[in-house]
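Numbered from 1 within each chain, the chains take letters A, B, ... in sequence-line order.
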Number of protein chains: 4
Amino acid sequence: MASLIEKIRKDQIVNTAISAIAANGYVNTPLSEIARRAGISKGVISYYFGSKDDLVRNVIDRILQDEKAYLSEKIARGENPKEKLLVYIRSSFSYMETNRQNFEAIVDLWGSITTHEKKLDFNKRSYDPCRNILGKIIREGIEKGEFADRDVRLTASIIQAMIDGMMIQWIFDASAIDLEKASLAVEESVRCYLFKKS
Amino acid sequence: MASLIEKIRKDQIVNTAISAIAANGYVNTPLSEIARRAGISKGVISYYFGSKDDLVRNVIDRILQDEKAYLSEKIARGENPKEKLLVYIRSSFSYMETNRQNFEAIVDLWGSITTHEKKLDFNKRSYDPCRNILGKIIREGIEKGEFADRDVRLTASIIQAMIDGMMIQWIFDASAIDLEKASLAVEESVRCYLFKKS
Amino acid sequence: MASLIEKIRKDQIVNTAISAIAANGYVNTPLSEIARRAGISKGVISYYFGSKDDLVRNVIDRILQDEKAYLSEKIARGENPKEKLLVYIRSSFSYMETNRQNFEAIVDLWGSITTHEKKLDFNKRSYDPCRNILGKIIREGIEKGEFADRDVRLTASIIQAMIDGMMIQWIFDASAIDLEKASLAVEESVRCYLFKKS
Amino acid sequence: MASLIEKIRKDQIVNTAISAIAANGYVNTPLSEIARRAGISKGVISYYFGSKDDLVRNVIDRILQDEKAYLSEKIARGENPKEKLLVYIRSSFSYMETNRQNFEAIVDLWGSITTHEKKLDFNKRSYDPCRNILGKIIREGIEKGEFADRDVRLTASIIQAMIDGMMIQWIFDASAIDLEKASLAVEESVRCYLFKKS
DNA sequence: AATGAATGAGCTTTCATTCAT
DNA sequence: AATGAATGAAAGCTCATTCAT
């Protein structure tokens with residue numbers, strides 16, 4: 001990412017791509033549509049991204065990094081594992097609420113990850129970081145005696161699963177899921193599954 | 001569904017489509033590839049399904065109905081809400097194990113559900129039936145005093161979320177998730193979240 | 001080449017491609033132009049040839065095979081090496097006269113043979129067969145004592161070089177070369193270089 | 001050609017273009033590639049040459065003029081028509097040997113000469129000068145009684161044809177032609193075709 | 001004199017769909 | 001009931017050319 005203008009253009013294109021994909025789906029979003037929405041010519045996209053695949057990779061990375069940054073910043077304020085874990089859950093849901101587009105896009109883009117190799121790569125960029133954050137909190141909680149002694153990775157997986165699973169239901173029908181209540185339910189579930197009675 | 005031969009052909013095409021989509025992704029699966037794999041001509045697919053969209057709808061329905069039938073049959077054997085719920089969870093995971101292809105296809109096909117309208121339709125065909133099954137079990141459990149008095153729909157959502165969330169992680173990296181352990185963890189989580197201490 | 005219709009279509013497309021390339025050059029002949037001239041849709045070309053490269057390969061092969069067939073048929077009538085060799089030369093020039101398009105196309109297509117590998121392949125399909133025909137005649141002539149004892153391959157190369165070299169000058173300016181005189185001159189040159197005085 | 005810097009820049013670009021075209025072919029050599037190889041920006045090429053066509057014209061001229069200068073300088077040393085002619089042949093082959101790139105480029109660029117008009121222009125810049133040089137030598141030889149009394153233009157054409165024809169075979173497969181032997185064979189052929197027995 | 005971001009026309013290629021057989 | 005040749009719209013991508021800096 002050499003020049004400033006390059007960074008700005010790439011950002012602009014990635015953001016426009018997210019909106020377009022969220023609105024119409026990856027399959028129905030040709031580069032020309034992204035260009036049209038961004039008010040630029042088709043060529044610019046190829047100029048900066050080389051291929052549609054590369055653009056999509058950038059879109060996915062952007063979405064995931066943004067969320068990770070948001071969550072990291074939030075949990076950093078938590079004073080102990082219990083609080084951090086609850087903050088992670090709450091923040092995940094509040095981030096959804098204000099960034100629906102991103103999740104519409106990402107669920108859609110799962111369909112663009114076609115090969116086994118790409119899936120593993122996506123996994124490494126997507127789930128592993130989340131599970132690692134959760135894993136660290138859980139491990140710390142267990143060590144400090146705040147949490148029950150459970151399998152760290154598995155517990156991270158299941159907590160993430162609850163969040164993602166709710167997200168998906170919400171994506172397919174926003175009216176079916178009240179994110180606030182969902183957050184509370186997940187918190188409660190985690191509390192009784194993981195927290196030691198104090 | 002007029003004749004027998006029609007039913008057989010449609011079944012054959014739908015099954016082949018599932019394999020092809022699971023293997024290469026919806027985006028990379030032209031009708032010609034499905035025809036090739038099925039050993040028939042392209043024309044037949046259009047003849048029976050009218051459009052690729054229609055075929056995809058049939059594929060999705062088939063996958064969801066198969067799973068629903070499997071789960072319904074299993075939970076029917078459960079003698080009480082607790083058992084039924086545990087059976088639902090276990091069966092969901094065991095069904096995953098033996099039908100990976102179906103889940104690879106369905107996650108991929110999410111990307112082909114592009115409009116708001118289609119999403120709602122998919123939701124109605126996919127999540128509502130599952131949540132209804134779960135809802136019934138939960139309601140019964142609460143009424144019989146086996147379960148804590150929780151919001152039925154929300155609880156159904158969260159249980160389904162755990163299952164779906166684990167499924168997704170497993171789809172993107174099978175080696176990251178041990179389905180058997182995952183099933184046990186979900187069961188345990190549900191036990192402590194919903195079951196009354198006996 | 002399965003069906004009859006396939007053969008006809010491929011022939012039609014290849015022939016049209018030769019005309020188009022001869023007229024406008026490979027660089028300025030998009031598939032759409034070939035389709036337009038043939039009165040078919042662009043898709044058909046891809047349908048039968050897969051790629052433009054494949055079409056070009058077929059064009060080259062067609063041109064070379066046609067010429068080789070023509071020459072082979074002609075020299076078969078020659079009764080002895082001397083006569084065969086003179087027939088080869090005369091026929092090469094008379095074939096040029098009536099098939100200018102083919103030579104315009106082939107000279108143009110040299111520019112589409114870009115890699116070292118493709119060049120060697122072209123060489124094998126183009127020059128080797130000609131040099132082999134000539135080589136056989138020359139070898140026979142030497143053995144029978146009609147020809148001077150010269151290096152067979154080199155002599156074949158030099159005779160082919162005269163023919164090709166004249167062809168190129170003729171392609172770039174038809175009015176600069178009188179093919180009939182050119183043929184006689186090449187014959188005369190070969191006579192004094194190779195034939196034993198009788 | 002106004003300033004010195006302009007001349008240097010144009011030379012640099014033309015030389016780089018020759019290398020690039022020889023390596024990858026005209027079709028696969030965008031201006032950006034030439035710019036990259038020359039370590040300059042794309043804009044400069046347009047700045048100095050106006051269009052790609054113009055650059056190509058310059059490339060062709062450069063190649064032909066270089067060769068012509070080389071040959072002219074060599075034959076100037078010849079003391080009589082016979083010697084001059086042999087020097088022309090030998091020098092043509094030795095020039096090939098040390099400038100393969102140029103010939104790879106020129107054969108490739110034939111495909112970029114698409115219109116009848118361009119072909120005539122190329123002819124005038126390429127073959128006519130060579131045939132003129134040869135023609136002058138031959139005419140002088142005939143007048144001085146060293147050569148047989150043959151058609152001057154035709155004889156020039158045939159000698160040039162031998163050289164060019166060998167060159168082409170050598171371009172498509174360097175291992176098929178030994179330039180030194182080729183040169184000797186052409187000399188020998190010319191000797192018996194044109195030289196009077198002394 | 002030089003850059004390189006931006007353009008957009010034009011290319012090859014893919015593929016759902018149609019339809020004569 | 002089935003075929004597969006044919007269509008043509010639409011896609012991704014390339015690249016000569018322009019132009020503000």
Side-chain angles (χ1 to χ4, degrees), chain A residues 2-6 8-10 27-35 38-56, chain B residues 2-3 5-6 8-9 27-36 39-56, chain C residues 2-6 8-10 27-35 38-56, chain D residues 2-3 5-6 8-9 27-36 39-56:
Chain A
S3 68
L4 180 62
I5 196 160
E6 184 175 348
I8 291 172
R9 266 276 182 271
K10 283 188 136 188
V27 179
N28 295 324
T29 304
L31 293 181
S32 58
E33 167 67 9
I34 298 172
I40 57 177
S41 77
K42 263 186 309 173
V44 183
I45 300 178
S46 298
Y47 184 77
Y48 284 109
F49 290 98
S51 73
K52 196 181 183 185
D53 240 54
D54 187 34
L55 171 58
V56 164
Chain B
S3 67
I5 197 162
E6 184 174 347
I8 291 171
R9 267 274 185 269
V27 180
N28 296 325
T29 304
L31 292 183
S32 58
E33 167 67 8
I34 298 172
R36 197 191 57 73
I40 57 175
S41 80
K42 260 186 310 174
V44 184
I45 300 177
S46 297
Y47 183 80
Y48 283 112
F49 291 98
S51 74
K52 195 182 186 184
D53 241 54
D54 186 34
L55 171 58
V56 164
Chain C
S3 67
L4 180 63
I5 196 159
E6 185 174 348
I8 292 171
R9 265 274 182 272
K10 284 187 136 188
V27 179
N28 294 327
T29 305
L31 294 182
S32 58
E33 168 66 7
I34 298 172
I40 56 177
S41 78
K42 261 185 310 174
V44 183
I45 300 177
S46 298
Y47 184 76
Y48 284 108
F49 291 98
S51 74
K52 195 181 184 184
D53 239 53
D54 187 34
L55 171 58
V56 164
Chain D
S3 68
I5 196 161
E6 185 175 346
I8 291 171
R9 267 274 184 268
V27 180
N28 296 324
T29 304
L31 293 182
S32 58
E33 168 65 8
I34 298 172
R36 197 192 56 74
I40 58 176
S41 79
K42 259 185 311 175
V44 184
I45 300 177
S46 298
Y47 184 81
Y48 283 111
F49 290 97
S51 73
K52 195 182 183 182
D53 240 53
D54 186 35
L55 171 58
V56 164

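Nearest approach of A/S41 to A/A35, heavy atoms of both residues: C-CB, 3.8 Å. Between B/F49 and B/D54, the shortest heavy-atom distance links the atoms O-OD2, 2.6 Å.
Considering only side-chain atoms of B/V44, the nucleotide from F/dA6, E/dA2, F/dT3 that sits closest is F/dT3.
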Legend entry - Reading 5' to 3' through nucleotides 9-16 of chain F, protein heavy-atom contacts under 4.0 Å coded B for base, S for sugar-phosphate only, - for none: -BSSBBSS
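Put simply, B/Y48 has no side-chain N or O that comes within less than 4.0 Å of OP1 or OP2 on F/dA1.
If you take NZ on D/K52 and OG1 on D/T29, they are separated by 6.5 Å, rounding to the nearest 0.5 Å. B/I5 CD1 to B/Y48 OH: the interatomic distance, rounded to the nearest 0.5 Å, is 6.0 Å. The line from OG of B/S51 to CD1 of B/I45 is 11.5 Å long, rounded to the nearest 0.5 Å. Taking NZ of A/K42 as the reference point, atom CD1 of A/I34 lies at 12.5 Å (rounded to 0.5 Å).
Atom-to-atom, CD of B/E33 to C1' of E/dT14 comes out at 14 Å; the value is rounded to the nearest Å. Straight-line distance from the CD1 atom of C/I5 to the P atom of F/dT3: 17 Å, rounded to whole Å. Rounded to whole Å, atom P of E/dT3 lies 18 Å from atom CD of A/E6. When rounded to the nearest whole Å, the span between CD1 of A/I40 and P of E/dG4 equals 20 Å. If you measure from atom CD1 of C/I8 to atom C1' of F/dA6, you get 15 Å, rounded to the nearest angstrom. Counting to the nearest Å, the C1' atom of E/dA16 and the CD1 atom of B/I34 are 11 Å from each other. Here the P atom of nucleotide E/dT18 and the CZ atom of B/F49 are 16 Å apart, to the nearest Å. Across the protein-nucleic acid pair, B/I45 atom CD1 and F/dT3 atom P stand 10 Å apart, rounded to whole Å.
With respect to C/E6 and C/R9, no salt bridge is recorded, no charged nitrogen being found less than 4.0 Å from a carboxylate O.
Across its full length, the helix from E/dA2-F/dT21 to E/dT21-F/dA2 shows an angle of 10° between the axes of its 5 terminal pairs at either end, rounded to 10 degrees.
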